[in-house]
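I have placed the structure first, in the form of structure tokens, so that the comments after it can refer back to it.
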2 protein chains.
Amino acid sequence: MFFVSLIPIRPELPFGAPSERSDAARNRERLLHAARELVNECGVDAFTMDMLACRADVGKGTVFRRFGSRAGLMMTLLSDSESEFQRQFIFGPPPLGPGAPPLERLIAFGEARIKFVEEFGELARAASEHSPQNRHDAPPVVLWHRHIEMLLREAGLDRDPWLLALSLGASLDPERVLHSLREHGIPQERLAASWRELVTRLLKDG
Amino acid sequence: MFFVSLIPIRPELPFGAPSERSDAARNRERLLHAARELVNECGVDAFTMDMLACRADVGKGTVFRRFGSRAGLMMTLLSDSESEFQRQFIFGPPPLGPGAPPLERLIAFGEARIKFVEEFGELARAASEHSPQNRHDAPPVVLWHRHIEMLLREAGLDRDPWLLALSLGASLDPERVLHSLREHGIPQERLAASWRELVTRLLKDG
DNA sequence: GATCTAAACGGACTACAGTCCGGTTAATAT
DNA sequence: ATATTAACCGGACTGTAGTCCGTTTAGATC
């Protein structure tokens with residue numbers, strides 16, 4: 001059994017916080033506000049960092065100092081939703097949260113993730129674009145990967161559950177799921193059913 | 001049973017080929033030669049289209065007229081190896097080719113794909129970068145996706161084998177496999193073993 | 001309040017993919 | 001040989017992410 005704690009998506013101020021300067025704080029708020037506005041107005045894909053700098057009335061350098069990259073900004077925008085999702089599968093009610101048998105939790109996890117992607121997929125995809133590092137090793141990704149691994153272990157799959165979790169996780173990748181939903185028009189329910197089928201077969205008789 | 005034919009990776013000259021002009025042919029050769037040279041010299045990631053145009057002593061417009069995009073060029077560079085891979089799992093000897101039971105073919109397919117990525121992964125990744133379309137719907141991808149689907153069907157998995165094949169395929173995605181190999185230092189054999197475990201469990205008692 | 005300094009700022013600059021369009025040329029017809 | 005023309009060519013141009021560095025300023029110290 002592990003000890004899992006919520007992982008902050010974008011750890012602001014690494015440790016002994018020398019507390020943010022007031023102008024910096026003001027600009028961060030302005031930027032986040034403008035970013036949300038712009039994403040609503042023209043969508044994630046048409047959104048550019050120049051537009052953001054302009055709208056927030058701030059220099060471009062400031063934007064990048066704050067968020068590091070376009071992907072970093074997207075992560076920040078996603079951070080609250082991602083935390084909420086984490087909260088649900090770690091502390092929430094069963095079958096997603098603890099209390100249900102591992103197979104049921106896995107099924108629920110897939111379903112929930114698919115819904116998450118339906119809602120925030122564009123952001124999530126943009127958050128890992130142009131960076132395999134972000135895609136595979138970002139804190140939230142690592143966390144739900146470990147979650148799957150733990151459930152596999154509980155279900156008695158002891159043959160390299162880490163890699164197995166990686167494979168399962170792959171099929172829930174935002175880009176893939178989004179592509180199935182949007183490009184192939186596959187309904188959420190069918191994706192969820194396929195996931196259920198997959199993990200059910202996998203966990204059958206330990 | 002389907003009728004499968006080799007899919008040309010980059011269908012040169014769409015249909016009623018009006019035959020390429022001689023200067024165009026010359027330039028295509030020059031470009032391919034220069035591209036291979038440059039990829040060898042500085043690696044896929046450092047490779048730029050400007051470098052290519054310069055090295056081949058050709059205008060930039062010509063490069064893009066020929067290959068459409070960076071990803072398109074990478075596909076072209078990959079095309080021969082990809083065709084060879086296709087040949088092996090469609091016509092080659094068992095267990096990869098026809099003749100072995102589906103589970104064994106599936107296992108062999110994963111192993112072969114992992115080796116392929118070990119060798120050509122950087123190219124393959126670059127060929128689908130910046131384009132979910134390329135990543136998921138490029139002809140070779142569609143082909144091996146259908147191959148997996150067929151094997152699943154043969155093995156008696158009739159519950160939405162198309163989507164199941166998509167999920168399995170996801171774990172063989174070049175970017176993922178490459179990331180495991182290079183970033184996490186996971187040896188090829190361990191990936192292959194995990195794949196074997198995955199599909200074996202999945203196909204157990206139809 | 002004056003001084004100091006590290007942090008934050010802004011916007012010009014670079015790198016790269018991809019587009020555009022006026023000029024050139026290979027192939028064909030005459 | 002000459003004319004014709006559709007395909008081809010080059011390279012200047014655009015859009016966007018990300019960097020750099022001289023300037024400004026918040027906030028702490030005296």
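Every chain is numbered from 1, with letters handed out A, B, ... down the list of sequences. Both backbone and side-chain heavy atoms feed into the values below; hydrogens, waters and symmetry mates do not. What you see is a predicted model; the values in this text were computed from it and never measured.
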**Message:** Distance criterion of 3.5 Å, no angle test: do you see the side chain of B/Arg70 paired donor-to-acceptor with the base of C/dA17?
**Reply:**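 Per atom types, no contact qualifies.
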
**Asked** When only distance counts, do a donor and an acceptor, one from the side chain of B/Lys60 and one from the base of D/dA12, lie under 3.5 Å apart?
**Response**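 Side chain to base: no pair below 3.5 Å.
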
**Prompt:** Do the charged groups of B/Arg125 and B/Asp45 touch, with an N to O distance under 4.0 Å?
**Reply:**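 Between B/Asp45 and B/Arg125 there is a salt bridge, with a charged N closer than 4.0 Å to a carboxylate O.
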
**Asked** Charged N to carboxylate O below 4.0 Å: is that the case for B/Arg87 and B/Glu84?
**Response** yes

**Asked** Pick the nucleotide of DNA chain C nearest each of B/Asp23 and B/Phe64; which residue has the one closer to the 5' end?
**Response** B/Phe64

Rounded interatomic separation in angstrom, taking [atom1] from [X] and [atom2] from [N]:
{"X": "A/Asp50", "N": "D/dT14", "atom1": "CG", "atom2": "P", "value": "15 Å"}
{"X": "A/His130", "N": "C/dA17", "atom1": "NE2", "atom2": "P", "value": "12 Å"}
{"X": "B/Arg28", "N": "D/dA7", "atom1": "CZ", "atom2": "P", "value": "17 Å"}
{"X": "B/Arg26", "N": "C/dA27", "atom1": "CZ", "atom2": "P", "value": "10 Å"}
{"X": "A/Asp45", "N": "D/dA17", "atom1": "CG", "atom2": "P", "value": "11 Å"}
{"X": "A/Leu52", "N": "D/dG18", "atom1": "CG", "atom2": "C1'", "value": "14 Å"}
{"X": "A/Arg30", "N": "C/dG10", "atom1": "CZ", "atom2": "P", "value": "8 Å"}
{"X": "B/Met49", "N": "D/dT16", "atom1": "CE", "atom2": "P", "value": "20 Å"}

Please pick, from [options], the nucleotide with the shortest atom-to-atom distance to any side-chain atom of [X].
{"X": "B/Ser69", "options": "C/dG18, D/dC9, D/dA26", "answer": "C/dG18"}
{"X": "A/Ser22", "options": "C/dA8, D/dG27, C/dG18", "answer": "D/dG27"}
{"X": "B/Arg21", "options": "C/dA8, C/dA17, D/dC8", "answer": "D/dC8"}

**Request:** Please check the phosphate of D/dG10 (OP1 and OP2 only) for any side-chain N or O of B/Thr62 closer than 4.0 Å.
**Result:**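 Answer is yes, contact under 4.0 Å.
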
**Phosphate contact (D/dC8 OP1 or OP2) by B/Asn27 side-chain N/O below 4.0 Å** = no

Tabulate below the donor-acceptor pairs under 3.5 Å that side-chain atoms of residues 110-118 of chain B make, not counting sequence neighbours, or state none.
{"residue": "B/Arg113", "atom": "NH1", "partner": "B/Glu82", "partner atom": "OE2", "Å": "3.0"}
{"residue": "B/Glu118", "atom": "OE1", "partner": "B/Gln188", "partner atom": "NE2", "Å": "2.9"}
{"residue": "B/Glu118", "atom": "OE2", "partner": "B/Arg182", "partner atom": "NH1", "Å": "3.3"}

**Message:** Could you check whether any side-chain N or O of B/Arg70 sits under 3.5 Å from a backbone N or O of B/Phe47, counting only pairs where one atom can act as donor and the other as acceptor?
**Reply:**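 A pair under 3.5 Å: yes.
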
**Message:** Need one value for A/Arg65: base, sugar-phosphate or nothing, where a base atom within 4.0 Å counts as base even if backbone is also close, heavy atoms only.
**Reply:** base

**Message:** For a quick check under 3.5 Å, do B/Glu175 and A/His136 share a side-chain donor-acceptor pair by atom type?
**Reply:**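 Distance-only check passes for B/Glu175 and A/His136.
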
